[in-house]
Structures are given as structure tokens and as C-alpha cells.
2 protein chains.
Amino acid sequence: MTVPLPADLFDELCPSSLVPFRMADKWAPLVLRCLEDGPRRFGELRVPLRRVTPKALTTSLRRLERDGFVTRVVEGAAVRYELTALGRGLLGQLDAWCTWVEENWDALLDARDPLP
Amino acid sequence: MTVPLPADLFDELCPSSLVPFRMADKWAPLVLRCLEDGPRRFGELRVPLRRVTPKALTTSLRRLERDGFVTRVVEGAAVRYELTALGRGLLGQLDAWCTWVEENWDALLDARDPLP
DNA sequence: CGGCATCCACCAAGATACTG
DNA sequence: CAGTATCTTGGTGGATGCCG
């Protein structure tokens with residue numbers, strides 16, 4: 001079985017307004033990352049995403065489901081969310097973004113807040 | 001000298017809501033593509049982007065300038081917009097998106113329909 | 001030519017509280 | 001546990017008209 005998601009999986013400032021990329025909605029990239037290692041329940045997602053209100057998380061998950069990136073499966077009392085093949089494909093783009101942002105982070109900072 | 005931008009550079013339905021990626025704002029990816037082959041004037045950009053109001057185009061350009069992706073240079077009565085090195089780097093990501101969308105277009109279409 | 005001013009509709013998204 | 005229900009706000013972006 002998969003390891004529980006750590007509460008500090010994401011940086012406090014993630015996502016940042018300096019990042020010019022957006023995927024689906026504000027929290028979708030973080031949700032996708034949480035689902036990378038296998039299906040998760042709503043409560044599991046809330047641990048690393050504790051800054052996100054339940055409503056916002058639900059909205060994000062519903063949209064990901066509508067667009068075919070995530071499936072919502074009810075198993076008795078429990079619910080699990082899982083990546084589809086299409087959704088898993090988004091992770092490649094996400095990795096590319098992260099790489100680009102890391103490589104250009106200083107330039108992004110300098111451009112946004114030029115030294116006097 | 002660069003060739004004038006064709007009026008039909010972009011598809012009528014571009015950008016589409018089926019594309020889960022966003023760069024800066026709605027029109028930024030198209031603007032960046034217009035600047036790929038060299039500096040352009042405001043009026044030149046308006047040709048392929050005739051569906052975009054002047055205000056929206058200005059807003060997009062201002063934001064791209066603020067974030068360090070584009071420079072705005074006044075040359076007497078004329079104004080030219082040009083990609084910075086950082087902005088040119090965005091084109092790589094844009095290419096990656098286009099490739100991904102083309103490869104997954106049918107899946108995106110199929111996935112969107114089933115849900116109410 | 002290269003915009004700006006104004007008004008307005010839409011919706012993403014947060015705060016807060018509550019529920020089957 | 002897995003969400004809903006309201007309320008409210010801020011920002012994007014379209015429509016229209018005007019300007020130096």
C-alpha cells in the first residue's frame with residue numbers, strides 16, 4: 001500500500017504568482033501530485049492540502065473528474081480518487097514546468113522585482 | 001526583415017476550453033507566438049489577434065512586460081514589442097503543450113462528454 | 001497609429017458554518 | 001468521513017466609445 005502523504009509535501013508558498021503556468025485550476029497541480037503514487041481518499045488529500053478549504057478541494061476534484069483526469073470511486077463508506085491514463089499524462093507536463101521554473105527562478109525574481 | 005503576420009495564423013477556436021493549460025493570461029500564448037520571429041508593433045499583433053479587443057491585448061502585453069517576458073520599446077511614433085530571453089524560454093513550454101494536446105486531443109474530447 | 005476610459009458580467013476562490 | 005450551503009470579494013475579460 002502507499003505511504004501516507006506528508007503534511008509538509010508542499011511549500012507554504014506553493015503555488016506562487018511568479019509561476020506563469022496554470023493547469024486546470026489553482027490547486028489541480030497539487031492534487032495531481034498527491035495522486036501520483038496511487039488512489040487517495042478525500043481526507044488523505046486534506047493533509048498536505050490543509051490550506052485549501054473543503055469546498056475548494058471538492059471543486060477542483062469535480063473539475064478534474066469532469067475533464068477526465070481523475071475518477072471518483074465510491075467504495076461503501078469510503079471514496080477514492082484516482083488518476084486516469086489521461087490525467088497521468090499531465091504529470092509529464094507538470095514535471096517540465098517544475099524543471100523550467102527551477103532553472104529560471106532567479107530570472108523570474110529579478111524580472112518581477114528589479115533592483116533599484 | 002520579418003514577414004507580416006498572417007490574419008489566419010490562429011484557429012478560430014483557439015484557445016479552447018478543452019486545453020487544461022494556461023500561460024500568464026488568456027491571450028499570452030498567442031502573443032508570444034506572434035513575437036517568435038522578431039519584434040512586432042501593436043498594429044501588427046492586431047492582425048492575427050483581431051478577435052481580441054485593444055484593451056485585452058494591452059492588458060496582456062503589460063502583464064508580459066511586468067513579468068519580464070516582453071520588452072516595450074518606443075521608437076519615435078512607433079512602438080515595438082520584443083521577447084526577452086526569459087520570454088523566449090516560454091516558447092519551449094508552449095511547444096510541449098501543443099504536442100501534448102495534439103497527442104491527446106481525441107482523449108480530451110471523449111473524456112469531456114460523458115459527465116452531465 | 002497605439003492606445004485609454006468606463007461599465008459590466010462572469011466566475012474563481014476564500015471565509016464561515018453546517019450536514020448525512 | 002466526505003463533503004454542502006451561503007456569502008462575499010477580487011480579478012479576468014468582453015463591449016463600447018473616445019483620444020493625442
Side-chain angles (χ1 to χ4, degrees), chain A residues 4-5 7 10 12-31 34-35 39-67 69-82 112, chain B residues 4-5 7 10 12-31 34-35 39-67 70-82 115-116:
Chain A
L5 294 169
F10 301 112
E12 194 67 21
L13 294 177
C14 184
S16 162
S17 67
L18 282 175
V19 177
F21 310 128
R22 162 83 48 126
M23 187 179 280
D25 61 20
K26 184 174 183 179
W27 302 112
L30 284 70
V31 170
C34 286
L35 297 177
R40 300 287 182 178
R41 288 180 299 130
F42 191 82
E44 287 187 275
L45 297 175
R46 293 211 64 193
V47 175
L49 300 174
R50 63 199 176 283
R51 289 174 300 126
V52 185
T53 64
K55 180 202 161 194
L57 185 54
T58 297
T59 302
S60 191
L61 286 165
R62 290 284 186 277
R63 175 169 177 175
L64 289 169
E65 189 190 6
R66 182 201 64 183
D67 292 347
F69 302 130
V70 159
T71 52
R72 180 181 183 271
V73 182
V74 181
E75 295 175 318
V79 174
R80 68 177 162 89
Y81 293 94
E82 190 169 11
R112 187 62 159 273
Chain B
L5 294 169
F10 301 112
E12 194 67 23
L13 294 177
C14 184
S16 162
S17 68
L18 282 175
V19 177
F21 310 129
R22 165 104 14 145
M23 186 179 281
D25 60 20
K26 184 174 182 178
W27 303 112
L30 284 68
V31 171
C34 287
L35 298 176
R40 300 286 183 177
R41 289 181 301 134
F42 190 83
E44 287 186 276
L45 297 174
R46 293 211 65 194
V47 176
L49 299 174
R50 64 199 176 284
R51 289 174 299 127
V52 185
T53 64
K55 180 204 162 193
L57 184 54
T58 298
T59 303
S60 191
L61 285 165
R62 290 286 184 277
R63 174 168 178 177
L64 288 169
E65 189 189 5
R66 183 202 65 184
D67 292 347
V70 158
T71 53
R72 179 180 184 272
V73 182
V74 180
E75 295 175 317
V79 175
R80 67 176 163 91
Y81 293 94
E82 190 169 12
L115 282 169

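Just so we're clear, the structure is a prediction, and the values are computed from it rather than from any experiment. Throughout, protein chains are lettered first and strands after them, A, B, ... in sequence-line order, and every chain is numbered starting at 1.
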Do you know the tightest heavy-atom contact between Val52(B) and Leu57(B)?
CG1-N, 3.8 Å
Quick check on [N]: is either OP1 or OP2 less than 4.0 Å from any side-chain nitrogen or oxygen of [X]?
| X | N | result |
| --- | --- | --- |
| Arg72(B) | dG3(C) | yes |
| Arg62(B) | dG3(C) | yes |
| Arg41(A) | dC1(D) | no |

Donor-acceptor pairs under 3.5 Å, side chain of residues 12-25 of chain A to any protein atom, not counting sequence neighbours: which ones?
unit_1: Ser16(A); atom_1: OG; unit_2: Leu18(A); atom_2: N; d: 2.9
unit_1: Asp25(A); atom_1: OD1; unit_2: Trp27(A); atom_2: N; d: 3.3
unit_1: Asp25(A); atom_1: OD1; unit_2: Ala28(A); atom_2: N; d: 3.0
unit_1: Asp25(A); atom_1: OD1; unit_2: Ser60(A); atom_2: OG; d: 3.0
unit_1: Asp25(A); atom_1: OD2; unit_2: Ser60(A); atom_2: OG; d: 3.2

Any side-chain heavy-atom pair from Phe10(B) and Pro29(B) closer than 4.5 angstrom?
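Phe10(B) does not reach Pro29(B) side chain to side chain.
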If we only count heavy atoms from C-beta on, is the Arg46(B) to Pro54(B) side-chain gap below 4.5 Å?
yes
Quick one: bend of the helix from dC1(C)-dG20(D) to dG20(C)-dC1(D) from 5 pairs per end, to 10°?
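The value is 50°.
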If I take atom [atom1] in residue [X] and atom [atom2] in nucleotide [N], what distance separates them, rounded to the nearest angstrom?
| X | N | atom1 | atom2 | value |
| --- | --- | --- | --- | --- |
| Arg50(B) | dG14(D) | CZ | P | 15 Å |
| Phe42(B) | dC1(C) | CZ | C1' | 10 Å |
| Leu45(B) | dG2(C) | CG | P | 9 Å |
| Leu57(B) | dC4(C) | CG | P | 11 Å |
| Arg40(B) | dG2(C) | CZ | C1' | 17 Å |
| Leu61(B) | dC1(C) | CG | P | 16 Å |
| Arg46(A) | dC1(D) | CZ | P | 10 Å |

Rounded to the nearest 0.5 Å, what's the gap from [atom1] on [X] to [atom2] on [Y]? Could you check?
| X | Y | atom1 | atom2 | result |
| --- | --- | --- | --- | --- |
| Glu44(B) | Tyr81(B) | CD | OH | 12.0 Å |
| Thr58(A) | Phe42(A) | OG1 | CZ | 3.5 Å |
| Glu65(B) | Thr71(B) | CD | OG1 | 7.5 Å |
| Leu61(A) | Arg66(A) | CG | CZ | 13.0 Å |

What string of B, S and - do you get for nucleotides 11-20 of chain C 5' to 3' if you count protein non-hydrogen atoms under 4.0 Å?
--BBBB----
Return yes if some donor-acceptor pair links the side-chain N/O of Arg50(B) with the main-chain N/O of Ala7(B) below 3.5 Å, else return no.
yes
